[in-house]
J.: 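What follows is a structure written as structure tokens; I'll ask about it next.
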Amino acid sequence: MTKATVQAATLMVQGTASDVGKSILTAAICRILVQDGWQTAPFKSQNMSLNSYVTFDGKEIGRAQGVQADACKILATTDMNPILLKPKQDMVAQVVVHGVPFSDLDARTYRESYLPQAEIIVKDALKRLRSEYDVVVLEGAGSPAEVNLKDRDIVNMRLAGWADAPVLLVADIDRGGVFASIVGTLEILTPEERDRVKGFIINKFRGDVSLLKPGLDWLEERTGKPVLGVIPYLPQLGIEDEDSASLDSKRVQSKRNERYGSGKTADQLDIAVIRLPRLSNFTDFDPLQEEKDVHFRYITHLADWGEPDVILLPGSKNTMDDLRYLNESGLTERIQAFVHQEKGWVAGICAGYQMLGSKLLDPDGYESDHPELAGLGLLPTETVFTAEKRTVQVHGSSTLFAETPNELLIEGYEIHMGRTRYLHEVESPFRIKTSLENSGGHADSWHEDGAVAEEGRVWGTYLHGILHNDDFRRAWLNRIRQQKGLGLVAEGLRFKERREAAFDRLADHVRSHLDMQRVYEMMEPYKSRNREAGIR
């Protein structure tokens with residue numbers, strides 16, 4: 001039987017609220033299915049996130065679906081997330097359709113005018129995926145019980161209906177009220193939607209599950225639906241989060257750790273990221289959180305400053321407004337003093353790189369209503385914002401921080417609208433080019449990226465993922481350690497190897513607490529195809 005004659009089986013993960021763990025559980029189920037021999041793909045019709053992933057052909061999708069594709073061991077495509085909403089201002093988002101910016105729309109216009117078109121785009125993308133894979137695992141958004149959104153829903157129960165997908169409803173017990181959230185969600189659903197929910201997953205559990213059993217028995221009797229699994233909280237997961245909502249929980253956990261004596265040690269570097277109001281692509285810094293010689297944290301206000309060794313300026317969805325935030329909060333002057341007077345280390349990625357320059361120009365209002373702002377003046381660069389958006393995967397090399405003449409190999413991706421020029425001759429830390437797939441078979445020529453100053457203490461780049469390059473990251477950290485009089489670390493983290501192992505660890509963890517046999521039984525197309533193929 002060919003895939004052309006059989007639509008893939010479907011399974012959908014929905015949640016009682018945002019940030020209950022839908023994305024990570026979807027990735028876990030994807031990896032379990034792959035381990036069991038099924039060609040699997042993820043799907044989220046509409047994602048709202050500032051954390052992007054660039055596909056092999058230079059298109060932009062939500063980071064979560066890129067991660068889930070990695071869990072499936074396949075290349076991510078825009079069919080896996082055909083519509084991406086990137087918040088830009090209050091009530092306004094950039095609408096990205098199949099990886100390409102479509103328009104900036106306010107919430108009402110998007111809902112009333114664009115959703116009918118979006119429905120067609122979503123259905124077509126899902127149909128293509130179902131013709132190419134054995135199983136498609138769908139992820140919902142927010143909660144299916146948002147009554148004000150249900151009539152034009154394209155991400156939860158209406159999507160489950162189009163896909164004929166059984167729904168697993170996920171609730172987060174760590175935030176409290178887990179039974180009320182499940183029962184309340186079911187009460188708001190229509191009878192048809194309620195029937196589509198085949199079972200519950202209680203996520204992020206801490207403690208003795210036997211003490212929870214009376215509640216589980218009550219829930220099953222009250223709803224007539226099974227609890228398919230109680231998934232214990234898994235610390236230090238090693239797989240990136242979808243959006244900045246998770247940063248709040250990380251800050252709380254960081255404070256807990258310090259309270260119990262696991263804060264910075266004398267041998268660690270204190271590395272702090274400025275948490276901009278419109279921060280994006282914060283997964284750039286995930287490897288630093290895993291390095292044993294790094295104490296990693298976020299700074300929101302001057303009061304959070306402390307005694308950092310390194311300050312990082314991240315990406316932003318609105319560079320001009322976030323630069324104003326730095327100026328008005330006093331962080332601009334503090335960063336400048338940190339570099340010039342305290343000989344501190346500063347690096348900027350994408351928007352952070354732009355902010356480190358002398359001037360940012362937006363004469364046509366692509367970023368904000370401020371035509372010109374002075375940058376931090378730490379790099380001799382000037383950026384002009386244009387309508388064209390560059391989204392490419394790149395590879396190249398760098399001699400920055402290398403201990404020998406040998407170049408350090410690097411790879412990453414770009415997502416930005418600004419064009420940066422040098423105000424005078426400057427050392428460029430990176431030499432890069434795009435891959436053939438990014439440009440229709442015609443790769444970019446080799447070119448310079450970024451700038452460096454203050455004998456390497458200040459540098460910037462457009463390359464997201466630059467710190468995911470193990471050798472470059474370790475060379476940079478060791479150069480800082482050398483300046484601080486700390487011992488060098490010969491063997492640092494191998495982040496990419498650890499990330500692949502993390503998928504298997506996650507899958508094993510979820511498999512051991514989730515009734516996968518019952519999950520398989522819910523997937524009727526799976527059963528039908530097996531019966532026809534004579535497979536038990």
Side-chain angles (χ1 to χ4, degrees), residues 11 13-33 35-36 71 139-140 143 145 166-187 197-239 241-242 245-263 289-290 498 501-522:
L11 178 70
V13 178
Q14 296 189 24
T16 57
S18 297
D19 200 31
V20 299
K22 295 187 296 291
S23 296
I24 289 295
L25 280 174
T26 298
I29 292 171
C30 283
R31 177 53 67 98
I32 290 171
L33 292 168
Q35 290 174 340
D36 290 351
E139 179 190 343
S143 164
V167 173
L168 306 180
L169 185 64
V170 180
D172 176 3
I173 196 171
D174 196 43
R175 64 175 62 193
V178 68
F179 299 117
S181 66
I182 291 173
V183 173
T185 298
L186 289 181
E187 287 296 320
V197 177
K198 302 303 181 185
F200 312 122
I201 299 176
I202 294 178
N203 198 24
K204 306 181 189 177
F205 179 71
R206 306 170 193 255
D208 184 348
V209 72
S210 66
L211 299 177
L212 189 63
K213 192 172 187 314
L216 303 180
D217 293 341
W218 175 89
L219 181 62
E220 292 187 339
E221 183 178 354
R222 173 69 171 77
T223 64
K225 299 179 184 296
V227 176
L228 298 168
V230 176
I231 312 298
Y233 174 75
L234 186 62
Q236 298 179 325
L237 185 56
I239 298 173
D241 296 300
E242 176 181 20
S246 63
L247 293 183
D248 292 321
S249 61
K250 285 184 177 180
R251 292 179 72 192
V252 171
Q253 186 61 41
S254 176
K255 290 180 180 179
R256 286 178 182 170
N257 290 342
E258 292 182 14
R259 186 180 306 134
Y260 291 104
S262 55
Q289 300 179 63
E290 302 293 327
R498 179 177 291 192
F503 281 124
D504 288 330
R505 173 175 173 248
L506 172 65
D508 292 344
H509 178 74
V510 171
R511 188 194 289 271
S512 66
H513 295 94
L514 179 64
D515 192 340
M516 279 303 300
Q517 181 58 41
R518 294 181 76 173
V519 171
Y520 274 124
E521 290 170 357
M522 294 171 185

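Because only heavy atoms are used, hydrogens play no part in the values below, and waters and symmetry mates are left out as well, while side chains stay in.
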J.: Given M516 and L228, is the side chain to side chain contact (heavy atoms under 4.5 Å, CB included) satisfied, shown in steps?
T.: CA-CA 8 Å; M516 279 303 300; L228 298 168; over 6 Å; no

J.: State, to 0.1 Å, how close G140 and Q14 come at their nearest heavy-atom pair, and which atoms those are.
T.: CA-CG, 4.4 Å

J.: Work out which heavy atom in M522 is nearest to a heavy atom in P166; give both atom names and the distance.
T.: O-CG, 3.5 Å

J.: Are K198 and V167 close enough that some pair of their side-chain heavy atoms sits under 4.5 Å apart?
T.: no

J.: Side chains of D174 and R206, heavy atoms from C-beta outward: is any pair under 4.5 Å?
T.: yes

J.: Would you check, one step at a time, whether the test side chain to side chain contact (heavy atoms under 4.5 Å, CB included) holds for F205 with V178?
T.: CA-CA 10 Å; F205 179 71; V178 68; over 6 Å; no

J.: List for me each residue that meets side chain to side chain donor-acceptor pair (under 3.5 Å) alongside Q517, sequence neighbours excluded, and say none if there are none.
T.: E521

J.: Could you tell me if the side chain of I29 sits less than 4.5 Å from the side chain of L168, heavy atoms only?
T.: yes

J.: Would you confirm whether R31, through its side chain, and F503, through its main-chain N or O, come within 3.5 Å as a donor-acceptor pair?
T.: no

J.: Could you name each residue pair satisfying salt bridge (charged side-chain N to carboxylate O under 4.0 Å, His left out) that touches residues 207-217, not counting sequence neighbours?
T.: K213-D217

J.: Can you sort out the partners of R222 under side-chain contact (heavy atoms from CB on, under 4.5 Å), two or more places apart, ordered by chain and number?
T.: V183, E187, W218

J.: For R175, give me all partners under salt bridge (charged side-chain N to carboxylate O under 4.0 Å, His left out), at least two apart in sequence or on another chain.
T.: D172

J.: Is there a donor-acceptor pair under 3.5 Å between the side chain of N203 and the backbone N or O of V20?
T.: yes

J.: Applying side-chain contact (heavy atoms from CB on, under 4.5 Å), name anything that partners K225, two or more places apart in sequence or on another chain.
T.: L186, R194, V197, F200, T223

J.: Suppose we screen for side chain to side chain donor-acceptor pair (under 3.5 Å). Which residues come up paired with E220, at least two apart in sequence or across chains?
T.: none

J.: Of all residues at least two apart in sequence or in a different chain, which pass the side-chain contact (heavy atoms from CB on, under 4.5 Å) check with A28?
T.: L506, V510

J.: Given side chain to side chain contact (heavy atoms under 4.5 Å, CB included), test L212 with I173 step by step and report yes or no.
T.: CA-CA 11 Å; L212 189 63; I173 196 171; 3.8 Å; yes

J.: Would you mind reporting whether P232 and K204 have side-chain heavy atoms less than 4.5 Å apart?
T.: no

J.: Applying side chain to side chain donor-acceptor pair (under 3.5 Å), can you list everything that pairs with R511, at least two apart in sequence or on another chain?
T.: Q35, D36

J.: Just wondering, do I201 and L25 contact through their side chains at under 4.5 Å, heavy atoms?
T.: yes

J.: Identify, with sequence neighbours excluded, every residue that meets side chain to side chain donor-acceptor pair (under 3.5 Å) alongside R498.
T.: E290

